[in-house]
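Working notes, structure below.
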Amino acid sequence: MAAVPASTVREAAGPAAPSGKLTLDFVVRALVADGLMAAADAERILSVSARTTPIHPLALLAAMDLRAPHGAREPLDLERLTRWLAERAGLPYHTIDPLRVEFARVAEVMSSTYATSRSILPLTVSGAEVVVATCEPFIDGWQPEIERITRKAVRRVVANPLDVARYTVEFYKLAQSIKSANRNSASTASLVTNFEQLVELGSKVDADNAHVVTVVDWLLQYAFDQRASDIHLEPKREQGVVRFRIDGVLHQVYQVPPAVMTAMVARLKLLGRMDVVEKRRPLDGRIKTRAIAGVQAGREIELRLSTLPVAFGEKLVIRIFDPEVVVRSYADLGFTESETTAWRELMHRPSGIVLVTGPTGSGKTTTLYSTLRELATNEVNVSTIEDPIENVDPRLNQMQVQHGIDLGFADGLRALMRQDPDVIMVGEVRDRETADMAVQAALTGHLVFSTLHTNDAVSSIARLRELGVAHYLVNATLIGVLAQRLVRTLCPHCKQPGPPIDSDVWNALVAPWRSPPPKQVYQPVGCLECRRTGYLGRTGLIEMLVLSDRMRELISANADLEAMRTQAGRDGLRSLRVSGAEKIARGHTTLEEVLRAAPPFMQ
C-alpha cells in the first residue's frame, strides 16, 4: 500500500459518517480531526495497516498503544476510543455489566446469528423498551425490524467491540445451556410415575448433563473474574437465585429454573466429592481448580462447599480461597506501622495466648495465615488444628477436626502438645475444654494463636471468663488480642472529593480521642475498574490490645468490663472506629463503610 502524505490526512478532517461498517480510514481521519491522534501517527497507521481487516478498527488501534497528541497525552485504549465513537455517533456510551443482564430474556429478542452478523447485543428488556449495545453505530437498518418484532422501542448504546463479541457468545451459550438443561429435566420428570421414581430423579438430576456442566463452568469462571469471595445458590419456589459476594456485599447474578438449580447443586456436590443422594442434612466438600481465563488464568484456586437443606431444596454456598490472597503484607491487611511493630512483638513472644477476634468474614483467617507463614521457618515448628483446614500450606503441620471420631479441638490440641511444637494455632476457642487446653499449652511454654467471636478486643477477656477460665490463668497466659473488621476501600481510579464530615459526627466517631475533622474526604463514583461500585478491594480496621501491668492487675482483681475498657483506653488502645477514622482521613474509605463495620456501640 502506498504511503499516505500527512497533508492528505490533515485535509480529511471531519470525514462524513460512513453508511456501513466502520473502516480504519474513517476512524483514523476522524480521530485526527477531533485532535485525538497526531497526523504523523495517522500517516504511519494508514501506510502499514490493511484497509480491510476482520478486526474492528477500534480494537486494532487500541493494540497499537497510541496516545493523544496534546495535554496529558492520555492513552488511546479501547475504552477511550469507544467513548469517543459514542460521542461521534451521538449515542450513549455503555459498559456491559454481566451482573445486570438477564440472559434468558435478552436471548429471546433476537437469535445469536442475527446479533453476530450485525455486531449488536440486547442488554435489557423492559415493558416498553429494549436496550441494544452496538459497536457499529452507523448501521441502524436492524432497528425497525427489532421494534416491529418485539413491539418495543429500541434504545441503542455504544459498547466496547471486544465486549460485544465476547458476551454475544457467552450470553447466548449460557441461555441455551440453561434452556436445554431445563428442557431435559422437564422431559425426564414427565416420565416419573410414582414417589420412589421422584426421589430417584432428585438424586440423579442431570449432574453430568453437558448443558449443566457448561453452566457450572461458566459460573465458577465468572466468579473468579468478578473477584467474588462467595457464591450463593439459593433455591426458591419460582426461580433459583445465584448471588456473588464481592468486597463483602452480595450481588444477584442470575435467576435459573428450579430444575436447573437442582442440577447445578448436584454437579457441584459431585465435584466436591459429596454425597449427591443425601439432601436432608448439611454437608461439606472441597474443590481444587484453576482459573482458565481472565487475569487469574492458570492460578490454582480452592473452593469450600457447604450445603443446607431449605424449604425448596438445597442451598449451596461456595467460599473461594485464592492462596495468593490469603497471604498479604500487614500494610495490605490495614495495619499501621505502629500496629505492625506491636503485632510482630506479640508473635515473637516465647509463650502465651494471642487471640484474633471478629465475626465471620472479618479477615481473621487471612491475618492468622499471614502470621503463621512468617513464623514458619526451618527453626520453628508451627502446628495447627482447624475445622476445616482453610488453606493447605507445606510449611505448616495442619490437622483437621474429625467430629465423626470424636477428634475435636481439645483432643487435637492435646495431641499437638506431644508433637514438640513451638507455635500452635487453634482454629477457634468454642468451649471450656478447648480454652483450658489452650491455657495449658501456653503455661507449658508454647505460643498459641486462636480466634474468638467477640465485638471488641477487651470483650475477649470477659468471654474467656464466661467459658470458665479462671481469672488468674487469663492473667498468666493472655498476652494480646487483635480485633478486626473489613471495610471496602475506595477505587483509586475514580474516587472524587466529597462533602466534608460534620464536626459533631467526626467527634462522636473518634471519641474518646480528639482530632479535627479531615480537610478532604473522598466518595465513591464508579468506573470500569471497580465494576461501577466505586469500591475496589477491602482493608482492615484494627484494634490491638497488648496487656499492660495495670490491665493484669484489673484481671487479677476480677474487675468488670467497663473498668478494663477504661484502662485499655489509658494504655493507648485505639478502637475500631478510631482506626476507621484514620482510614477516612487518608482517603482509603468512607464514613458510611466505617459505620457499617463498626457501629456506634463499638467505642
Side-chain angles (χ1 to χ4, degrees), residues 22 55-59 61-63 77-126 129-140 142-143 146 150 152 154-178 215 218-219 221-228 242-244 246 251-255 293-296 491 493-494 525-536:
L22 289 171
I55 303 175
H56 193 282
L58 296 190
L61 292 174
D77 57 21
L78 192 52
E79 291 304 318
R80 179 66 185 93
L81 290 170
T82 307
R83 286 197 301 270
W84 163 82
L85 179 62
E87 294 169 3
R88 260 272 175 173
L91 295 174
Y93 166 77
H94 186 88
T95 300
I96 300 176
D97 184 357
L99 290 175
R100 302 179 185 274
V101 177
E102 296 183 34
F103 310 131
R105 293 197 68 188
V106 301
E108 294 173 353
V109 173
M110 64 186 73
S111 69
S112 173
T113 303
Y114 188 94
T116 302
S117 64
R118 290 158 180 79
S119 300
I120 58 177
L121 177 63
L123 298 178
T124 61
V125 182
S126 60
E129 182 183 72
V130 178
V131 177
V132 180
T134 178
C135 56
E136 294 288 351
F138 301 111
I139 299 178
D140 57 4
W142 51 267
Q143 184 170 342
I146 300 302
T150 62
K152 300 177 187 292
V154 170
R155 180 162 65 90
R156 293 187 298 146
V157 296
V158 177
N160 177 327
L162 296 186
D163 281 354
V164 171
R166 171 192 171 185
Y167 290 123
T168 299
V169 174
E170 287 191 11
F171 291 174
Y172 279 94
K173 182 179 180 181
L174 185 63
Q176 181 59 42
S177 294
I178 292 175
V215 174
W218 174 87
L219 179 71
Q221 183 58 49
Y222 186 51
F224 303 155
D225 291 344
Q226 296 294 316
R227 302 180 291 105
V242 179
R243 296 195 289 175
F244 289 169
I246 303 173
H251 301 266
Q252 182 168 312
V253 180
Y254 194 49
Q255 293 183 333
V295 295
Q296 300 194 64
C491 174
H493 305 281
C494 65
V525 177
C527 66
L528 185 65
E529 294 292 332
C530 62
R531 310 298 197 273
R532 302 293 174 184
T533 64
Y535 296 94
L536 186 62

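Since the structure is predicted, the reported quantities are computational estimates derived from the model, not experimental observations. Index from 1, following the sequence.
Residues Leu162 and Leu78 have side chains in contact (heavy-atom distance under 4.5 Å, counting atoms from C-beta outward). Side-chain contact between Leu219 and Phe244 is present, with at least one heavy-atom pair separated by less than 4.5 Å. Two residues are said to be in side-chain contact when any heavy atoms from C-beta on lie closer than 4.5 Å; Pro161 and Ser119 fail this criterion. Side-chain contact between Glu136 and His56 is present, with heavy atoms from C-beta onward closer than 4.5 Å. Side-chain atoms of Leu174 and Val215, non-hydrogen and from C-beta on, do get closer than 4.5 Å to each other. Between Val106 and Val125 there is a side-chain heavy-atom pair separated by less than 4.5 Å. Between Thr82 and Val158, the closest side-chain pair of non-hydrogen atoms falls below 4.5 Å. A 4.5 Å side-chain heavy-atom check between Val242 and Gln255 finds every atom pair outside the cut-off.
For the atom pair Thr113 OG1 and Met110 CE, the distance stands at 12.0 Å (nearest 0.5 Å). Atom CG of Leu58 and atom CG of Leu22 lie 6.5 Å apart (nearest 0.5 Å). One distance of note links CD of Glu102 with OG1 of Thr124; it measures 9.0 Å at 0.5 Å rounding. Once rounded to the nearest 0.5 Å, the distance linking CD1 of Ile55 with CG of Leu61 reads 10.5 Å. Rounding to the nearest 0.5 Å places CD1 of Ile139 at 10.0 Å from CZ of Arg156. To the nearest 0.5 Å, atoms CG (Leu81) and CG (Asn160) are separated by 10.0 Å.
Judged by distance alone, the side chain of Lys152 and the main-chain N or O of Ser126 form a donor-acceptor pair under 3.5 Å. The backbone N or O of Tyr114 lies less than 3.5 Å from a partner atom in the side chain of Ser117, making a donor-acceptor pair.
Taking the salt bridge (charged side-chain N to carboxylate O under 4.0 Å, His left out) definition, one finds that Asp77 meets it with nothing, sequence neighbours left out. Applying the salt bridge (charged side-chain N to carboxylate O under 4.0 Å, His left out) rule to Arg155 yields the partners Glu129; only residues at least two apart in sequence or on another chain are considered. Under the rule for a salt bridge (charged side-chain N to carboxylate O under 4.0 Å, His left out), the partners of Arg243 that lie at least two apart in sequence or sit in another chain are Glu234. Not a single side-chain hydrogen bond (donor to acceptor under 3.5 Å, both in side chains) links Arg83 to another residue, sequence neighbours left out.
Counting only residues at least two apart or in different chains, salt bridge (charged side-chain N to carboxylate O under 4.0 Å, His left out) contacts with residues 115-125 are absent.
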(request) Output, in order, the C-alpha distance, side-chain angles, deciding distance and verdict of side-chain contact (heavy atoms from CB on, under 4.5 Å) for Val253 and Tyr222. (result) CA-CA 10 Å; Val253 180; Tyr222 186 51; 3.9 Å; yes
(request) Take Ile246 and Tyr535 through the side-chain contact (heavy atoms from CB on, under 4.5 Å) test and state the conclusion after the steps. (result) CA-CA 10 Å; Ile246 303 173; Tyr535 296 94; over 6 Å; no
(request) Determine, step by step, whether Val154 and Trp142 satisfy the side-chain contact (heavy atoms from CB on, under 4.5 Å) criterion, reporting the C-alpha distance in whole Å, the side-chain angles of both residues, the deciding distance to 0.1 Å, and the verdict. (result) CA-CA 10 Å; Val154 170; Trp142 51 267; 3.8 Å; yes
Counting only pairs under 3.5 Å, give me each side-chain donor-acceptor contact of residues 163-171, with atom names and distances, residues two or more places apart or in other chains.
from: Arg166; atom 1: NE; to: Glu170; atom 2: OE2; distance (Å): 2.9
from: Thr168; atom 1: OG1; to: Val164; atom 2: O; distance (Å): 2.5
from: Glu170; atom 1: OE1; to: Trp218; atom 2: NE1; distance (Å): 3.4

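Counting all heavy atoms, side chain and backbone alike, Thr150 lies closest to Ile146 at OG1-O, 2.7 Å. Of all non-hydrogen atoms in Phe138 and Leu85, the two that sit nearest each other are CE1-CD1, 4.2 Å. Contact between Tyr172 and Ala115 at its shortest, heavy atoms only, is OH-CB, 4.0 Å. Between Gly526 and Cys530, the closest heavy-atom pair is CA-SG, 3.8 Å.
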